[in-house]
Amino acid sequence: MLPYVFPGITMPELPEVENTRRYLIQAGLPGSTFTGVSVGWANALKTPPLEDFVLGLLETKVQEVNRRGKYLLFPLDPGLDPGVKSGAGTGPGTSADTGASRGAQPCAPTLILHLGMTGGLRVQPTDQAPHPMVRHTFSLYSDGEGDRELRFIDGRKFGKLWLTDNLEDVLPPLGPDPLSQDFTPDVLGRTLNHRTAPIKALLLEQSIVAGMGNLYADESLFLSGINPMRPASGLSQDELERLRGCIVTAFSNSLEAYDAARKAEWPDPPMGLHTWSIPRKDGDPCPRCSGPISGTRIRARGTYFCPRCQR
DNA sequence: AGTACGTCCTGATCGC
DNA sequence: TGCGATCAGGACGTAC
């Protein structure tokens with residue numbers, strides 16, 4: 001049913017990245033210190049150059065695991081001697097000093113990861129055999145734990161790494177996060193107001209809905225009964241509200257499934273627990289009306305919808 | 001500004 | 001049976 005990605009991993013969209021964040025916290029990554037760094041695929045490292053990246057990470061301690069859209073953020077405690085490693089004058093934990101200029105807001109040095117299409121993270125004992133597609137490895141020291149590694153699995157090498165003390169240098173403009181209160185029909189309506197492109201294409205833009213990806217876009221449009229090829233600006237207020245609600249529902253349901261798995265006997269659930277309402281196969285019966293599902297492409301993305309149920 | 005498309009990547013799967 | 005072509009898509013760069 002799901003498009004094949006790689007064993008144990010499916011396309012990381014918002015619920016998968018949020019699940020990864022919660023998994024990393026549960027695994028005790030916050031409070032762990034990086035004692036070694038291996039970047040196995042140089043193209044993944046966007047900034048800074050490798051040597052600075054490694055030196056900037058070594059002996060720093062992960063403060064917390066945050067998320068913005070599909071980006072994972074690891075603010076770092078530079079260690080015993082704050083100010084030496086980072087250019088920032090203030091110590092760790094100070095969220096932002098009241099710098100003179102707006103815009104460039106220095107923060108704690110922050111490791112940023114994007115899982116791309118086939119990325120996944122695992123915290124595992126060093127002596128556990130790694131997944132064959134581990135590309136990057138971060139050795140960890142954590143109190144009360146043996147030697148462990150944060151392993152970045154990434155089959156197709158679309159994942160990315162950054163180390164920065166200014167998030168705005170790295171992160172693109174991101175729209176509201178559907179798991180937050182900011183994601184209202186008004187905000188959605190305003191951003192789509194004058195856009196004539198197909199709603200499906202625009203839903204995939206991270207500046208409109210942070211964290212949206214191809215599968216959840218199809219799912220949300222199916223749940224809300226909206227044809228993916230409709231020009232975005234043509235959606236009525238009622239449709240916008242329905243769409244917003246279905247996006248939230250799709251994301252929340254998926255995240256609940258991950259939470260349940262993690263809290264039960266499955267502390268490290270693979271991505272892709274979510275079951276989809278709409279089949280991703282041309283001609284398969286629509287679960288609602290039994291008519292044939294249409295498969296097409298919008299902006300070169302596989303798109304599945306029910307022509308009868310989605311007007 | 002808004003829209004569309006090519007590019008990067010690998011391995012499962014399809015067709016011959 | 002084997003081998004080459006095709007397909008999958010997030011984000012970015014570029015062109016129109």
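Side chains included, hydrogens not; waters and symmetry mates left out as well; all remaining heavy atoms used.
Neither OP1 nor OP2 of dG10(C) sits under 4.0 Å from any side-chain N or O of Gln206(A). A sub-4.0 Å separation between OP1 or OP2 of dA11(C) and a side-chain N or O of Lys46(A) is absent. Close to dT3(B), at under 4.0 Å from its OP1 or OP2, lies a side-chain N or O of Arg195(A). Under 4.0 angstrom from either OP1 or OP2 of dA11(C) there lies at least one side-chain N or O belonging to His114(A). For the pair Thr196(A) and dT3(B), the criterion of a side-chain N or O lying under 4.0 Å from OP1 or OP2 is met.
The side chain of Lys157(A) sits closest to dT10(B) out of dG10(C), dA4(B), dT10(B). The Asn43(A) side chain lies nearest to dC9(B) when the options are dA4(B), dG2(B), dC9(B). Of the candidate nucleotides dA11(C), dC9(B), dA4(B), dC9(B) has the atom nearest to the side chain of Trp41(A). Among the nucleotides dG9(C), dT3(B), dG11(B), the one closest to the side chain of Arg280(A) is dG9(C).
Geometrically, Lys46(A) does not engage Trp162(A) in a cation-pi contact defined by less than 6.0 Å to the ring centre and at most 45° from the axis.
A salt bridge is defined here as a Lys NZ or Arg NE, NH1 or NH2 lying under 4.0 Å from an Asp or Glu carboxylate O, and Lys157(A) with Asp154(A) fails to meet this definition. In summary, Arg68(A) and Asp177(A) do not engage in a salt bridge, as defined by a charged side-chain N under 4.0 Å from a carboxylate O. No salt bridge links Arg21(A) with Glu16(A); every basic N to acidic carboxylate O contact stays at or beyond 4.0 Å.
End-to-end axis angle for the helix from dG2(B)-dC16(C) to dC16(B)-dG2(C), using five pairs per end and rounding to 10°, comes out at 60°.
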Going by atom type alone, with no hydrogens or angles, which donor-acceptor pairs under 3.5 Å involve a side-chain atom of residues 222-231 of chain A and a protein atom two or more places apart or on another chain?
residue   : atom : partner   : partner atom : Å
Ser224(A) : OG   : Ser220(A) : O            : 2.7
Ser224(A) : OG   : Leu221(A) : O            : 3.3
Asn227(A) : OD1  : Met229(A) : N            : 2.8
Asn227(A) : ND2  : Gln310(A) : O            : 3.3
Arg230(A) : NH1  : Glu239(A) : OE2          : 3.1
Arg230(A) : NH1  : Arg311(A) : O            : 2.9
Arg230(A) : NH2  : Gly234(A) : O            : 3.4
Arg230(A) : NH2  : Glu239(A) : OE1          : 2.8
Arg230(A) : NH2  : Glu239(A) : OE2          : 3.4

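The base of dA8(C) lies close enough to the side chain of Arg156(A) for a donor and an acceptor atom to sit less than 3.5 Å apart.
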